[in-house]
Amino acid sequence: MAYKRIEIPAGEIDRQREICARIRARLESSGERPLALVDTYGCQQNEADSEALRGYIELMGFGFTDDENEADLIVVNTCAVRAHAEMRVLGNVGALVHAKARNPHLLVAVCGCMAQRPQMAEKLKKSFRVVDLVFGPHELWRFPELYERARSTQKRVFEVSPCEGVVAEGLPERRGDSVKAWLSIMYGCNNFCTYCIVPYVRGRERSRRFDDVLAEARELVAAGYRDITLLGQNVNSYGRDLDEGHDFADLIRAINDIPGDFLIRFMTSHPRDATEKLFRTMAECEKCARHIHLPVQSGSDRVLKAMNRHYDRAKYLEEVRLARELMPDIVLTTDIIVGFPGETAEDFADTLSLVEEVRYDAMFTFIFSPREGTPAARMPDPVSRDEKQVWFDELVERANAISAEKHAGYIGRTVRVLVDGEGRRGECNLTARTNGGRLVHLKGDRENIGRFLDVKITDGNTWALYGEI
Ligand code: SAH
Ligand code: SF4
Ligand code: F3S
């Protein structure tokens, strides 16, 4: 492979930490306690990145706020996966002129996947003067340095050069939750699905070293985390770029061997690389959650080929069959794109029939959004937006009905759940997740947060279950 892995030396991260310490000392000596807001769009990978940003910001001596009018530093961590995600970011960033008018010291940074798109970086430069600092995902490890440069020079800083991607270990993390934790195991993507912007903005696939991932998993378990989600755009190809001789299934098994009461989840598993070994390992590892998110995207072989997905309907259905044979209680979820360029009514009917056949517990459905620079954005796309909307609505209606039927099947059963937070659902003040990841609303004592409990399911709808401890 032509791609050369770029590992950031530990000394470089130490240097970033030193910059944080200097900023902190300066703030302390002037008696200031500024506040920061980190606003995150997009996927769990971005959530994990924001935890590292908050880790740095905490070391810099800042406190945190949710109110943009109180903030002295706002970091917007963006997503580029669909046009809608970008429009929302631009709208919200544009509106920050008001906060800046009130607080001229406010520093606004935009980072993440959208910032890495040259067109968007250009747009931010020209039309969004409120933004002081723009950097892509590959520069995140040196946020303290970039912040300090923007602050001290009072000049706008843009760091968005093309990059195949870095691996940086040892960043500080300020985790957002005490029960559930994200654990990135790899970055980037090599798949180049024809509709998708991710490989362009996140760079090539690179796995974190096996021992580094294991060490972090051990730390999380020791710190009391009960639900650990392994993250990557395509976790099934974990390890292929390393010469360590471990694949994703080996990683699951090694984490499963860590003593403690916790669950292992993972996102996202590409059907192209989902192996029998993976399903067998899941079935054999008692800590591995009985849930697999297996994005199918389409039920039509013709469309799957045009999407460059490298599997067909038959292979996908065989994987589903095998997963269910080995784990009869497995929860299956998926992503589907409606209205891919050239998709016909028959193709869409194939997607509907696949959904009827698999009967997913939950589905995430999207209308195709052309992303400049991807092959699909240049394909003829004759179907109107209105027609795509009709297909979309039909699919969502079926998906919701199936989810509701599946959830109704839980009523009367007693299931083990992990209580993971406080809810605001009328009577139900707690939220929990089943082993398969289904949301359960509960009534009970706050002290149960972080505990595994047996609950009786009393009700269910499309989105959630209701239960009693
Ligand atoms: N790596 C994951 C997906 C990450 S993006 C995987 O391969 O499964 C999350 C979802 O966004 C995708 O599964 C796809 O359904 C959707 N998506 C990506 N690009 C899109 C586009 N251009 N238009 C509409 N939906 C898109
Ligand atoms: Fe995008 Fe495909 Fe990579 Fe997923 S596997 S991130 S959909 S290119
Ligand atoms: Fe969006 Fe980037 Fe994730 S494009 S979906 S935030 S990898």
Side-chain angles (χ1 to χ4, degrees), residues 39-50 53 76-89 110-117 120 136-138 140 165 182 184-206 230-238 266-274 292-299 303-304 306-311 316 319 332-341 343 351 360 362-379 381 385 388-389 391-392 395 399:
D39 195 9
T40 313
Y41 296 75
C43 63
Q44 290 87 345
Q45 191 74 69
N46 257 16
E47 296 287 347
D49 285 350
S50 285
L53 284 167
V76 188
N77 191 4
T78 65
C79 172
V81 82
R82 285 170 291 274
H84 177 74
E86 292 190 334
M87 296 319 287
R88 266 180 61 215
V89 166
V110 176
C111 65
C113 295
M114 184 185 100
Q116 188 67 31
R117 292 219 300 134
M120 294 315 268
H138 312 295
L140 187 138
W182 310 120
S184 294
I185 64 166
M186 59 194 299
Y187 311 99
C189 184
N190 288 352
N191 284 311
F192 289 96
C193 301
T194 51
Y195 50 82
C196 185
I197 196 72
V198 171
Y200 302 86
V201 292
R202 285 273 175 179
R204 296 294 65 72
E205 254 169 44
R206 52 219 187 266
L230 311 180
L231 295 180
Q233 292 301 340
N234 178 15
V235 289
N236 296 341
S237 61
Y238 172 81
F266 54 85
M267 287 271 270
T268 294
S269 187
H270 194 304
R272 166 192 189 167
D273 306 305
I292 189 158
H293 183 64
L294 203 57
V296 68
Q297 312 298 357
S298 169
V303 173
L304 287 172
M307 287 176 163
N308 194 33
R309 289 290 286 180
H310 291 277
Y311 55 85
Y316 184 89
E319 287 176 9
L332 264 170
T333 57
T334 203
D335 294 345
I336 290 185
I337 297 178
V338 172
F340 184 81
E343 181 171 333
T351 296
Y360 293 101
M363 278 173 39
F364 302 87
T365 38
F366 311 100
I367 292 184
F368 169 73
S369 170
R371 306 281 61 213
E372 198 181 335
T374 63
R378 299 187 292 272
M379 295 177 186
D381 190 5
R385 168 79 204 201
K388 291 182 183 184
Q389 189 68 47
W391 293 351
F392 180 84
L395 183 64

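Read the numbers this way: they start at 1 and go in the same order the structure lists the ligands and their atoms.
- Side-chain atoms of N234 and D273 include a donor-acceptor pair closer than 3.5 Å.
- Atoms of ligand 3 found under 4.0 Å from any heavy atom of Q233, numbered from 1 in the order shown, are 7 (S).
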Which N/O atoms of ligand 1 sit under 3.5 Å from a protein N/O, and at what distances?
residue: ligand 1; atom: 1 (N); partner: Q233; partner atom: O; Å: 2.9
residue: ligand 1; atom: 1 (N); partner: Q233; partner atom: OE1; Å: 2.8
residue: ligand 1; atom: 7 (O); partner: R309; partner atom: NH1; Å: 3.4
residue: ligand 1; atom: 11 (O); partner: R82; partner atom: NH1; Å: 3.0
residue: ligand 1; atom: 13 (O); partner: Q297; partner atom: NE2; Å: 2.8
residue: ligand 1; atom: 13 (O); partner: D335; partner atom: OD2; Å: 2.6
residue: ligand 1; atom: 15 (O); partner: Q297; partner atom: OE1; Å: 2.7
residue: ligand 1; atom: 22 (N); partner: Y195; partner atom: O; Å: 3.0
residue: ligand 1; atom: 22 (N); partner: S369; partner atom: O; Å: 2.8
residue: ligand 1; atom: 23 (N); partner: S369; partner atom: N; Å: 2.9

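- Numbered from 1 in the order shown, with element, the atoms of ligand 2 that lie under 4.0 Å from a heavy atom of C193 read 2 (Fe), 5 (S), 7 (S), 8 (S).
- Taking 2.8 Å as the criterion, C79 counts as a coordinating residue of atom 1 (Fe) of ligand 3, since one of its N, O or S atoms falls below it.
- Qualifying ring pair (Phe, Tyr, Trp, His ring centres under 6.0 Å) partners for F392, counting only residues two or more places apart in sequence or in other chains: none.
- Using a 4.0 Å cut-off between heavy atoms, M114 makes no contact with ligand 3 at all.
- Of the protein's heavy atoms, C189 SG, 2.2 Å lies nearest to atom 3 (Fe) of ligand 2.
- Atom 1 (Fe) of ligand 2 has C196 SG, 2.3 Å as its closest protein atom, hydrogens excluded (heavy atom only).
- Contact atoms of ligand 3 toward C43: 3 (Fe), 5 (S), 6 (S), 7 (S) (distance under 4.0 Å to a heavy atom of the residue).
- Among the atoms of C113, no N, O or S atom is found under 2.8 Å from atom 3 (Fe) of ligand 3.
- From the protein, the heavy atom lying nearest to atom 7 (S) of ligand 2 is Y195 OH, 3.3 Å.
- The closest approach between a heavy atom of V201 and any atom of ligand 3 is not below 4.0 Å.
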